[in-house]
Amino acid sequence: MCGIVGAIADRNVVPVLIEGLKRLEYRGYDSAGIAVVDGQDVRRVRRTGRVAEMEGAAAGEGFRSSLGIGHTRWATHGGVTEANAHPHISHGVALVHNGIIENHEEQRERLRALGYEFESQTDTEVIAHLIHHHLKQGTDLLQALQRVVKELTGAYALAVVSRKEPERLVCARMGCPLLVGLGEGENFVASDVSAIIQATRRVIFLEEGDTAEVARDRVRVFDADDQPVQREEHVSDVSLASLELGPYRHFMQKEIHEQPRALGDTLEAVIDAAGFEPSLFGAGAEDVLQQVEGIQILACGTSYYAGSVARYWIESISGLPCSVEIASEYRYRTVVANPKHLVVTISQSGETLDTMEALKYAKSLGHAHTLSICNVPESAIPRASRLVFYTRAGAEIGVASTKAFTTQLAGLFLLAATLAKLNGRLDAEQEAGYIEALRHLPGSVQHALNLEPQIASWAERFAPKQHALFLGRGVHYPIALEGALKLKEISYIHAEAYPAGELKHGPLALVDADMPVVVIAPNDGLLEKVKSNMQEVRARGGELFVFTDQDSNFGESEGVHVIRTPRHVGVLSPIVHTIPVQLLAYHTALARGTDVDKPRNLAKSVTVE
Ligand code: G6P
């Protein structure tokens, strides 16, 4: 949730920290701060609001140093105040933290009894005091951190500096991502590689329970038993272009427009091979996929809606039973597990805590067959899964997920088709037909993107509204859900989605001239049913905004506005129909003047429950 960056170099690292925090801002943007070791002192600057505000303050106070740490926060314990912003300091020890410490109350009592006073309401301040307490017992900073993490329960990524040890920073990881960046005569720590990519692409991903010492010319990593370990070095291929806005106004707009490319990249292997091969899902996938008798999908947010679309595909194409569940629900209920079912987690970031915990729970129930659909290589969820399919959307920065969603759908479609092939339910002709449809998909998505001016004109009418209703049926019902989610999260208009057939069981009572009703109405077998549902809305004075296909033969009339997406693309239609609802949300948010990429109260990467 929060973003961490740290650096030690021969040069002034303040610009590195600030630049890194700006790149990490998508992880949380309530407040930001840096601490640097300056001579015999630790200096800190913190501000509520965006990194840019803190940057101004740091410049004003002349911050310079070759060792420092920084943090951008998404508040959990304690409100959005400067006192709660990181870094937290205890007697010359400064610390930044991502995660939640569950036993902080107990540790707070212990520290109070030892004479420590608290300035903030955070769980993090406890860790700073604990480190200082251990330093007082004669340990060095690394040993102190290694002792303290054994006293913590919960999740953390930590980076720590001390005025007494100006030649290194130390860090630790459990349950939250943290990597070490390897430079020439300078080294870094960061929550993700985007923060340090301008300095280095060589990274070591810390494992659960690891601690590390990061000096200018040396990095030492220790496992959970404090034994020195070698962790593999990776070279990140994250493109700088994916982290920069370019000619776009917002990352969300850029990412919406990147979808033809993102889909093309994600589908490249299957289109080149002209067939659905189990190896798409990693080594040994054929063995695993051949054995599975059903699918259990677990995910949160937009990724959950991708799973909800996949259920329709998996059951209808592969004939396997499929259930989809919100990860935070699954992990806390008594589940009757069938170990012959494949557990599929879907996560853009690969670090959503509830999804990770749901996966661990599923494994504890005997699920050995696990597959992660993920957009971030080497992140925690794919690393905990037997099989992996990486979507190749590129870095997604806008908090509202767009290209990650459509590429997840592409990956899930490949799964449905691959399972069908293994089950003998996909003959060569059908396979060739699906491959052909996938080949045309980026083009169809581009056609849908070309509707932007028309959709923007609708957005003007949505902007003054308080509420909106989205309707869909069948495999397009989850697209209605995704459309409502997009609209509410970035424009703050209250939006709900319903299966159109359910309208008369409640939501019809809300329909009046002030409630725009968006309908996803492609030319599929349910179009006639959806038309009847639209009549129910019109009869109550509701205004309809309908997305339908070129070939649906569905016209405008009073109170019925229609935008035609490209010719019906068959089974891949939900992917194409996602584009207009993304654009509608984006332009409505623009018209309302909200902060599109950083909607209030939200964060992109949710590493807390
Ligand atoms: C947050 C993001 C959403 C995302 C959800 C799940 O709420 O704002 O865009 O869908 O987390 O994240 P994941 O990374 O697991 O897909």
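None of these values were measured; they are calculated from a predicted model. Values reported hereafter were calculated over all heavy atoms of this structure, with side chains retained and with hydrogens, waters and symmetry mates removed.
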State whether a side-chain donor-acceptor pair under 3.5 Å links [X] with [Y].
X	Y	answer
Q408	S303	yes
H568	S552	no
D354	T352	no

Least distance between heavy atoms, [X] atom then [Y] atom:
X	Y	value
Q582	Q259	OE1-NE2, 2.7 Å
R473	A500	CG-CB, 3.6 Å
T402	E396	N-OE2, 2.8 Å
P339	H369	O-CD2, 3.8 Å
A420	I317	CB-O, 3.3 Å

Side-chain heavy-atom pair [X], [Y] within 4.5 angstrom cut-off:
X	Y	result
R220	P228	no
T391	T406	no
V235	D237	no
L206	C171	yes
N375	S349	no
H250	Y586	yes
V309	F413	no

| What is the ring orientation for Y330 with Y361, classed by angle as parallel under 30°, tilted 30 to 60°, or perpendicular over 60°? |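 Y330 vs Y361 ring planes: perpendicular.
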
| side-chain contact (heavy atoms from CB on, under 4.5 Å), paired with S385, selected from L359, L371, V344, V343 |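 In the set L359, L371, V344, V343, the residue that makes a side-chain contact (heavy atoms from CB on, under 4.5 Å) with S385 is L359.
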
Between [X] and [Y], does at least one N-O distance fall below 4.0 Å, as a salt bridge requires?
X	Y	value
K150	D226	yes
K254	E258	yes
R173	E207	no

| request: State which residues pass salt bridge (Lys or Arg N to Asp or Glu O under 4.0 Å) with E268; sequence neighbours excluded, sorted by chain then number. | output: R392

For [X] and [Y], indicate whether the former's side chain and the latter's backbone hold a donor-acceptor pair under 3.5 Å.
X	Y	answer
K488	A495	yes
W313	V571	yes
N98	Y156	no

| request: Measure the OG1-CD1 distance between T407 and I575 for me, rounded to the nearest 0.5 Å. | output: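 One gets 9.0 Å once the value is rounded to the nearest 0.5 Å.
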
